[in-house]
Amino acid sequence: MAALLALAATAATAETAPIVQAWPARKPVRDAALEARVDAALKTLTLRQKIGQMTQPEIRAITPDEVRDYGIGTVLNGGGSWPGQDRNATPAQWRALSGQLQAAALQATPGIPLLWGTDAVHGHNNVRGATLFPHHIALGATHDADLVRDIGHATARAVRATGVQWTFAPTLAVVQDVRWGRSYESFGADPALVRRLGQAEVEGLQDGLKEGRGVLATAKHFVADGGTRRGIDQGVSHATPAELAQVHGAGYLGALDAGVLTVMASFNSWTDSADYTAHGKMHGNKTLLTDVLKERLAFDGLVVSDWDGIAQIPGCTPEDCPAAINAGIDVVMVPFHWKPFIANTVRAVEQGRIPMARIDDAVRRILRVKFSVGMDSAVPATMEASQAPELARRAVRESLVLLKNRPGLLPLPSTARVLVVGAAADSLPHQAGGWSVTWQGRDTTNADYPQGTTLLAALRQRLGAAQVMFDADGSQSDPARFDAIVAVLAEAPYAEGEGDIRVTENLRHSQRYPQDLALLQRVAGRGAPVVTLLYSGRPLYVNDLANRSDAFIAAWQPGSEGTGLADVLVAPADSKPWPGFTGRLSFPWPAGPCQFSSHEAKPWWPVGGGLSGRETTVATSRLPEPADPQPICPL
Ligand code: BGC
Ligand code: BGC
């Protein structure tokens with residue numbers, strides 16, 4: 001308690017007061033019995049064991065024996081990392097490794113279990129064969145908090161089946177520039193929407209935490225990950241203290257209301273655009289991590305650093321970073337450099353460069369979180385536990401946004417003869433996007449999604465195989481012989497900075513993927529209407545593509561269940577009503593190749609835009625197509 005007071009006393013200096021006071025004050029809620037248990041457990045630990053609790057190695061870089069010998073408190077598997085580095089590892093094999101790591105940890109620190117964290121960001125996406133839900137950007141378009149909560153429940157079940165208790169989700173970014181490669185991890189550009197859906201996801205994930213059903217959620221990445229200039233991943237966010245709290249902070253208020261127990265620090269830096277003060281990397285920002293998050297917002301859970309994020313603080317390396325711990329990082333994600341990190345951190349405490357009170361506060365937070373989780377999983381270690389195809393299918397159905405339509409074209413009659421073009425129509429990797437089986441979602445094939453259904457397969461199920469022809473590049477068939485063309489265009493999968501659109505590029509999809517324009521040029525205007533779907537992780541400039549389409553659908557990255565796409569494209573065969581298009585944009589849709597901003601004055605469609613497909617008249621005027629395919633966008 002004295003330690004807590006000492007930390008609090010240093011909190012609000014005159015300089016930092018405006019930053020802190022921009023956020024609403026929240027009151028801590030403490031459970032006296034839990035606090036007593038935490039204090040008692042803390043007393044049993046040596047300094048070395050305390051640092052062990054704070055250290056998070058990657059499963060590739062540690063054995064169960066080392067977990068025991070170093071008294072490690074938590075591990076993670078990164079994107080595309082599986083038990084035994086075998087992508088075919090079954091839930092039972094995940095569970096077996098979890099059991100070994102857990103037993104080793106309990107030998108070192110009896111009564112203090114180990115936490116395993118994973119990126120289950122759209123279902124348990126590192127597990128081959130698990131149902132993959134649409135990415136957040138698609139869920140944002142559904143605007144459906146109950147759906148998002150249910151997806152949280154289903155994801156928690158899948159994660160618990162594998163013996164993992166912690167997911168690094170939800171991302172709560174409020175994206176300002178869609179060039180950012182992580183735009184699809186965001187629910188949208190509207191802070192209120194991010195808050196509402198973020199809260200629902202945390203509720204779903206953490207429900208049943210004590211009973212072994214729920215998993216720990218992580219509100220990430222704190223804060224302003226979605227605000228970086230030019231959408232550069234891990235770049236510099238310019239925002240006033242008020243914008244930081246009200247725009248980028250909105251999701252955290254929702255997550256805290258839901259009782260989120262962990263927060264991840266962000267790779268980005270922050271520059272105060274009110275006074276042009278550069279505050280540097282978030283991992284080293286004590287004002288935001290401690291004074292705001294832990295004190296002003298009364299967050300009692302733990303703050304985890306991002307992947308080697310400590311190394312980006314001036315004066316730090318991946319092996320040594322007292323500054324991050326002093327700023328308020330409690331669990332340090334040091335995937336590979338954990339051994340020197342432990343030695344260096346113990347030394348830093350012994351030399352007084354990290355106060356013992358800070359270490360005790362960090363470990364208290366870790367223990368508080370651990371004692372809030374029921375360690376025995378209530379979910380069987382089966383593949384069945386990761387299956388929720390009907391829920392994912394519904395999510396897909398609700399997420400589709402119809403940007404252009406010719407009245408009466410959709411739904412296609414269940415007797416239609418359809419030509420499907422575009423290689424992505426038969427590609428689960430393209431349907432799933434990044435963070436799918438592998439980190440980037442690349443180096444996979446349909447065989448890596450044994451339970452999934454492509455759009456092509458779904459249309460064949462729905463219309464009958466004989467009624468559906470597939471011609472990947474559209475060169476082998478005569479469109480006039482079909483009732484409709486279904487064309488699928490797509491961005492290739494990407495994750496994090498690898499998905500950034502660079503400053504020398506723009507949002508014109510056909511510039512980055514000329515084959516998609518060529519495809520439409522081959523089939524459009526040749527006797528059959530063209531229904532185009534775009535799989536993308538963000539809104540893109542598509543005027544030239546929409547002009548060669550009779551209907552144009554933003555399908556985002558729908559995940560493993562292409563059946564949800566067919567549900568909306570094709571009229572139900574029975575007397576069920578057609579669901580129509582209920583998805584509405586959570587980002588503006590650009591009318592020009594340089595419209596990167598979420599605050600674009602004249603987009604093609606604003607936030608909330610989209611057609612239902614039931615309109616009897618819609619404006620069908622041709623969209624402008626500037627001659628210059630590669631304009632130099634203003635900086
Ligand atoms: C990402 C995080 C992720 C972590 C662990 C980082 O590179 O920024 O979102 O949780 O890796 O995979
Ligand atoms: C890991 C990801 C991580 C990334 C960070 C990858 O190797 O698999 O989980 O986010 O590195 O750079």
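Whatever order the structure lists ligands and atoms in, that order sets their numbers, starting from 1. The first residue in the sequence is number 1, and the count goes up from there.
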Within reach of ligand 1, part of R182 (heavy-atom separation under 4.0 Å):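 Answer for R182: side chain.
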Please check if any side-chain donor atom of T131 sits under 3.5 Å from a side-chain acceptor atom of S560, or the reverse.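 Their side chains do not contain a donor-acceptor pair, so the 3.5 Å distance test is not met.
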Quick one about Q557 and H122 (side-chain donor to acceptor, distance below 3.5 Å, no hydrogens or angles considered), yes or no?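 No, Q557 and H122 have no side-chain donor paired with an acceptor closer than 3.5 Å.
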Which residue is it: D330, I366, V334? I am looking for the one with a side chain to side chain contact (heavy atoms under 4.5 Å, CB included) to M54.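 Among the candidates, only I366 passes.
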Nearest non-hydrogen atom to atom 11 (O) of ligand 1 belongs to which of D225, D306, T167?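 The option holding the nearest heavy atom is D306.
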R538 bridged to E491 by N-O distance under 4.0 Å: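 Between E491 and R538 there is a salt bridge, with a charged N closer than 4.0 Å to a carboxylate O.
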D257/R195 salt bridge by N-O under 4.0 Å criterion: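 So R195 pairs with D257 through a salt bridge.
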For ligand 1, which atoms, with element, lie under 4.0 Å from some heavy atom of [X]?
{"X": "W307", "result": "6 (C), 7 (O), 11 (O)"}
{"X": "K220", "result": "2 (C), 3 (C), 9 (O), 10 (O)"}
{"X": "H221", "result": "2 (C), 8 (O), 9 (O)"}
{"X": "F168", "result": "10 (O)"}
{"X": "F267", "result": "7 (O), 8 (O)"}
{"X": "D119", "result": "3 (C), 5 (C), 10 (O), 12 (O)"}

Report yes or no: does a heavy atom of W439 sit under 4.0 Å from some atom of ligand 1?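 False for this residue.
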Please identify each residue that fulfils salt bridge (Lys or Arg N to Asp or Glu O under 4.0 Å) with K281, with sequence neighbours left out.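 K281 satisfies salt bridge (Lys or Arg N to Asp or Glu O under 4.0 Å) with no other residue.
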Among all residues two or more places apart in sequence or in another chain, which pass the side-chain hydrogen bond (donor to acceptor under 3.5 Å, both in side chains) test with D443?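 D443 satisfies side-chain hydrogen bond (donor to acceptor under 3.5 Å, both in side chains) with no other residue.
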